[in-house]
2 protein chains.
Amino acid sequence: MNILIVYAHHEPSSFVAAMKNTAIEILSREGHSVVVSDLYGQGFSAVAQKWDFVTTSGNHFNYMFEQKHAAKLDLAFSPDILSEIQKLQTADLVLFVSPIWWFSVPAILKGWFDRVLAMGVAWDGGKIYEKGLLRGKQAMLIVAGGGPTEYYQESGRHKATAVQILHPINHGTLAFCGFDVHDPFVALNVLGLSDQGRLKLLTDLQYRLQHMLDSPNWLIRY
Amino acid sequence: MNILIVYAHHEPSSFVAAMKNTAIEILSREGHSVVVSDLYGQGFSAVAQKWDFVTTSGNHFNYMFEQKHAAKLDLAFSPDILSEIQKLQTADLVLFVSPIWWFSVPAILKGWFDRVLAMGVAWDGGKIYEKGLLRGKQAMLIVAGGGPTEYYQESGRHKATAVQILHPINHGTLAFCGFDVHDPFVALNVLGLSDQGRLKLLTDLQYRLQHMLDSPNWLIRY
């Protein structure tokens with residue numbers, strides 16, 4: 001299976017980096033082809049701009065419609081976007097490995113969603129959710145948050161579970177494009193744990209990665 | 001009242017720009033002092049980086065703890081972050097004017113949250129929500145989305161209302177820092193409306209802006 005890991009952390013000695021390294025190691029050992037988009041390492045630009053397109057339609061500038069225009073012109077996107085689109089199109093499974101910042105992903109990964117999941121490439125008019133252009137592919141979030149686990153409940157301080165907090169990504173972004181979305185792997189309280197506690201989380205992740213592909217039980221059902 | 005408008009759109013002839021211009025005009029006419037952070041216009045950097053700090057603590061690099069370190073050193077942040085923090089500290093009300101992209105804000109505004117709402121400035125250990133460091137200030141999202149209104153229901157295609165979709169920002173970001181958060185102004189189906197329909201939305205926004213400050217009815221209660 002072709003697996004793309006989109007990784008969004010700046011610090012190689014972070015827990016998020018350890019999760020990414022665990023994923024590369026386990027999935028490569030299982031015989032998969034693993035490609036990594038290291039967004040910080042690549043200096044990926046987060047901000048959607050007019051120069052994201054080789055040429056523009058000449059109409060009122062609407063980023064989404066320019067994406068569709070570029071998609072029609074044999075993917076006339078800037079090289080950094082084109083490269084990510086090609087990795088995405090080759091992938092059977094995309095793993096997003098990221099910290100949780102402000103109940104979401106860091107801007108560098110949000111920018112990947114904004115720029116790479118383009119209209120005409122990942123979705124189109126009338127082609128969303130079960131008709132999304134990326135249907136047949138699988139996706140999964142692997143994320144870590146620093147706060148206490150008990151905050152992440154509807155009756156907790158965050159007034160939402162981790163799954164509710166990630167709805168804009170799992171449903172509104174990934175399922176929207178047609179991905180089959182796996183239940184996220186969410187490591188919480190990472191700052192509060194001992195080294196042993198963090199190692200336990202990496203072992204749990206290893207187990208999930210080894211078994212997620214032969215079990216449909218972890219898919220989110222909408 | 002000192003009002004900061006944080007504006008996140010690249011196209012001056014967009015509907016989002018029209019909402020921003022409406023806000024500037026109405027609030028200035030009412031006698032408020034209005035300052036605008038035009039994130040695209042400023043070329044605001046979205047990506048949290050090691051060079052966001054004048055000096056670093058020398059410990060394992062954790063962005064959040066470096067924020068706290070910089071905050072203690074009389075706000076030893078990079079000039080672009082410092083400038084935004086100073087505008088934020090002066091403001092009584094912050095309006096975020098933005099499109100909805102992927103059930104959230106564009107990466108350039110997410111990056112503003114990541115970099116400006118710093119630990120030690122906007123919140124701290126034990127100083128979140130009702131004890132957040134920005135308590136006493138008000139905030140409100142003014143956002144526009146392109147999709148049909150009926151999608152934004154728990155039983156609709158998006159499986160969530162607009163308010164649920166914005167929970168990571170209204171609650172997890174703004175309320176987390178101590179802001180009193182106003183019910184968002186959400187303009188939906190902007191692409192599907194006639195010019196008259198869009199003008200009606202701007203009139204609705206004008207009314208909200210004229211009356212929001214003397215009515216507590218629009219505050220979100222948690």
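Throughout, a chain's letter reflects where its sequence line sits, starting with A, and its residues are numbered from 1. Atoms considered below: every heavy atom in the structure, side chains included; atoms not considered: hydrogens, waters and symmetry mates.
By the 4.5 Å heavy-atom criterion applied to side chains, B:R157 and A:I128 are counted as neighbours. Counting only heavy atoms from C-beta outward, the side chains of A:P106 and B:F113 never approach each other to under 4.5 Å. No side-chain heavy atom of A:Q164 sits less than 4.5 Å from a side-chain heavy atom of B:Q164. For the pair A:V105/B:K110, no side-chain contact is recorded, criterion being any heavy-atom separation below 4.5 Å from C-beta on. Counting only heavy atoms from C-beta outward, the side chains of B:V47 and A:V47 never approach each other to under 4.5 Å.
Aromatic pair A:W101/B:Y63: ring centres closer than 6.0 Å.
Proximity to chain A (any heavy atom under 4.5 Å) is restricted, for B:Y151, to the side chain, taken from C-beta onward. Using a 4.5 Å cut-off between heavy atoms, B:H10 contacts chain A through both its backbone and its side chain. Both the backbone and the side chain of B:L117 have a heavy atom closer than 4.5 Å to some heavy atom of chain A.
Between the CD atom of A:E11 and the NE2 atom of B:H60 there is a distance of 5.0 Å, given to the nearest 0.5 Å.
With respect to chain A, the highest number of heavy-atom pairs below 4.5 Å among B:P99, B:A48, B:S104, B:G146 belongs to B:A48. For chain A, the option among B:Y129, B:W112, B:F44 with the highest count of heavy-atom pairs below 4.5 Å is B:Y129.
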Using side-chain contact (heavy atoms from CB on, under 4.5 Å), reason through A:D114 and B:I108 one step at a time and then give a plain yes or no.
CA-CA 10 Å; A:D114 292 347; B:I108 201 168; over 6 Å; no
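For the residue pair B:C177 and A:W102, the shortest heavy atom distance occurs at SG-CH2, 3.6 Å. Scanning all heavy atoms of the two residues, the minimum distance from B:A107 to A:A46 falls at CB-O, 3.2 Å. Nearest approach of A:P168 to B:P168, heavy atoms of both residues: CG-CG, 4.2 Å.
Aromatic ring orientation, B:F103 versus A:H167: tilted (interplanar angle from 30° to 60°). Note: B:H158 and A:F176 have tilted aromatic rings, judged against thresholds of 30 and 60 degrees for the angle between ring planes.
Within a 6.0 Å sphere centred on NZ of B:K50, other residues, nucleotides and ligands contribute more than 12 heavy atoms. Other residues, nucleotides and ligands contribute only 12 or fewer heavy atoms inside 6.0 Å of the NZ atom of A:K127. Remark: B:E130 CD is packed, more than 12 non-hydrogen atoms of other residues, nucleotides or ligands lying under 6.0 Å away.
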